Amino acid sequence: MSKNILVSVAWPYASGSRHLGHIGGAYLPADIFARYHRIIGNKVIMVSGSDAHGTPITVRADAEGVKPIDIVNKYHAEFLRYWEKLNISWDNYTTTMTETHIEVVHDIFNTLLEKGYIEKQKSIQAYDPSENRFLPDRYVEGICPYCEYKEARGDQCDNCSKTLDPEELINPVSKISGNKAEFKETEHFFLKLSSLQKELGDYLDSREGWRPHVINWAKSFVNEGLIDRAITRDLDWGITIPVDELGPGKKIYVWFEAVIGYLSASKEWSKLNDNEDSWKDWWLNKDAESYYFVGKDNIPFHAVIWPCILLGYGALNLPTNVPANQYILIKGEKASSSRGVGKTLEEYLDEWNPDALRYALASSLPEQSDTEISEDEMIRRNNEELVATWGNLVQRVSTLINKNIDDLQSLSEATSEDQELISQFEKAYESVGKLIEKVELKSALQESMRFVSTVNAYLNNTEPWKVLKSDKERASRILYSALTAIDSCANLLYPFMPTTSLKVRNSIPRDSNFEWSVNKIKTGVKLEEIGLLFKKFD
RNA sequence: GGCGGCGUAGCUCAGUUGGUAAGAGCGCACGACUCAUAAUCGUGAGGUCGGCAGUUCGAGUCUGCCCGCCGCUACCA
């Protein structure tokens, strides 16, 4: 009874480089989760893509004197390099510029409009006449009407921390040009979140196993009362509005269309695989599950707004879980290469074995709370946990076998000690699997490493290097048992470290080929040279 | 201001619905081993669980207040 599992991953904004925090926050955990489910036989599609629209991209394009599309292409290409180097196993990694995406966005827009979940509303908006553009609240500055602070923003005064409307500011100016801001009426389409509040509340109440910070946050949004939100903007760069009622210069607002990308990327995947309807197995089949891997800043969009869009549209599956991560902090600051904190992601990717980097990040995933890491800590984990415990185990056993035993042919009977080692691993698959299914990936990795240690302990207790001198058959049995255990360790660690795990597995000849249970290792065959899995940092 | 999260051993973090003497990994100390990338294994020392008060037979776990850090507060996504 294999399940269909949709692994949806936050769409990275093609407006700048990503950093380690992004990788640990969403892409790596999603990949671990997806790889595990594929291995145990579930049908997984993992989708995402580069988010091509939105203000940061146009701002950056303006600053660099290029077109938005140039910025998008540059960073999309950079993101593709990340995924390749890190072995992120997408089924479809696309962009929000594809025809399929635009079609799907238009379909959802039109359907919500027909059903009355989208309607036009007029509002007064700050406007910069010299730049010929409307201004977000935060891009308007002026004097606070309450405390007379001179640099109050249109949304809030930093001095007295009162929430403001831009129109309240005295002498409002555009933060972009420094010129006086005007106020003009503008008309936009709004998503009527308020009329979906009850259904969303029921949906959230029915969720089980969500992380406390995610469900609490989502519910607090509902409890405060959902406010209708504009889904179009005064912009040239973006997806066109399917109905021509607002006049020129307006586009669909990025937050509305980006989340729809999960559906359009799934549909695109179907087309690419010559089965246009296969996406339905993940979106319409009620037994299918969907997991959305995002950072905590994305919780409102994935636990509130996207479910509302889906509820309004109807029929499509809502998120099974949104295992949002908190932030990875480097040296006490939110990981940010733009602020010059730490190395760029590309530098890490050049310097690190991808599996070692995956390990260092996976063992510090911010699943419950913000987690601090430093490069020293990552190096320490590589040297003292990965190299010493796992890499060295593989090395010591393969060396013992290759130097002393030709082909693991004549084995003595297994003792209770040997059997106990193997039966431990039968349980390991179960306990590690359960943790991954609950998206407790950090614990799952720690648990896996604990089993790696038991093999080292087994060797210390059985001392095959001594037994070799007197009883070669017994020594062969010990090493055969250890090799069986190592093969299982490689399976357990595969979702976390796919490349090195495959390297180990492919070197060990097997009689069976289970990916998620103990395998029988062939006797009478020579073990292939595995080589060092990881290198120590000096 | 309001809302949410966090504050647990030197460090990074776990601690289901309150219940046997508070956990893990790393670091540290001591011991064992020497096959292995000076790697491994075992034992141990470290905490009045941010503070104060309360509920309870019993609270890290619930309530109130306080202190500190972070985030959100709806046109950044």
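Computed from a prediction, not measured in an experiment: that's the story for all the values here.
With a glycosidic angle no further than 90° from 0, B:G46 counts as syn.
Contact between the side-chain N/O atoms of A:Thr389 and the OP1/OP2 oxygens of B:A39 is not found at any separation under 4.0 Å. In this model, the phosphate group of B:G27 is not approached by any side-chain N or O of A:Arg380 to a distance below 4.0 Å at OP1 or OP2. Contact between the side-chain N/O atoms of A:Lys296 and the OP1/OP2 oxygens of B:C70 is not found at any separation under 4.0 Å. At B:G5, one or more side-chain N or O atoms of A:Asn216 fall inside 4.0 Å of OP1 or OP2 (strictly under the cut-off). Using a 4.0 Å cut-off, no side-chain N or O of A:Tyr458 falls inside it from OP1 or OP2 of B:U40. Distances shown here put a side-chain N or O of A:Lys536 below 4.0 Å from the OP1 or OP2 atom of B:A39.
The listed nucleotides are B:C26, B:C41, B:C72; the one nearest the side chain of A:Trp217 is B:C72.
In this structure, NE2 of A:His213 is placed 11 Å from P of B:A14, rounded to the nearest angstrom. Going from atom CE of A:Met449 over to atom P of B:A14 covers 19 Å, rounded to whole Å. In this structure, the CZ atom of A:Phe451 is 19 Å from the P atom of B:U40, given to the nearest Å. Rounding to whole angstrom units, CG of residue A:Asn460 and P of B:U34 are separated by 10 Å. When rounded to the nearest whole Å, the span between CH2 of A:Trp237 and C1' of B:C75 equals 20 Å. What separates CG of A:Leu386 from C1' of B:G25 is a distance of 14 Å, to the nearest Å. Put simply, CZ on A:Arg211 is 13 Å from C1' on B:A14, counting in whole angstrom units. If you take CD of A:Glu187 and P of B:C75, they are 17 Å apart, rounded to a whole angstrom.
Judged by distance alone with a 3.5 Å cut-off, no donor-acceptor contact links the side chain of A:Asn392 to the base of B:A39. Remark: the A:Gln125 side chain and the B:C75 base include a donor-acceptor N/O pair separated by less than 3.5 Å.
For the pair A:Arg229 and A:Trp255, the cation-pi test (distance below 6.0 Å, angle within 45°) is passed. Judged by the 6.0 Å distance and 45° axis criteria, A:Lys192 is not positioned over the aromatic ring of A:Tyr117.
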Return a single string for nucleotides 6-13 of chain B, one symbol per nucleotide in 5' to 3' order, where B is base contact, S is sugar-phosphate-only contact and - is none, cutoff 4.0 angstrom on heavy atoms.
------SS

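When all heavy atoms of A:Phe451 and A:Ser431 are compared, the closest pair comes out as CE1-OG, 3.9 Å. Listed here is the closest heavy atom pair of A:Phe425 and A:Ala485: CE1-CB, 3.6 Å. Of all non-hydrogen atoms in A:Cys489 and A:Trp390, the two that sit nearest each other are CB-CZ3, 3.4 Å.
Side-chain N/O atoms of A:Tyr93 and A:Ser50 include a donor and acceptor closer than 3.5 Å.
Near RNA chain B, meaning a heavy atom under 4.0 Å from it, residues 431-441 of chain A has no residue at all.
Counting only Watson-Crick and G-U wobble pairs whose two distances sit under 3.5 Å, RNA chain B takes part in these stems of three or more pairs: B:1-7 with B:67-73, B:10-13 with B:23-26, B:28-32 with B:40-44, B:50-54 with B:62-66.
One distance of note links CG of A:Leu441 with CG of A:Leu28; it measures 8.0 Å at 0.5 Å rounding.
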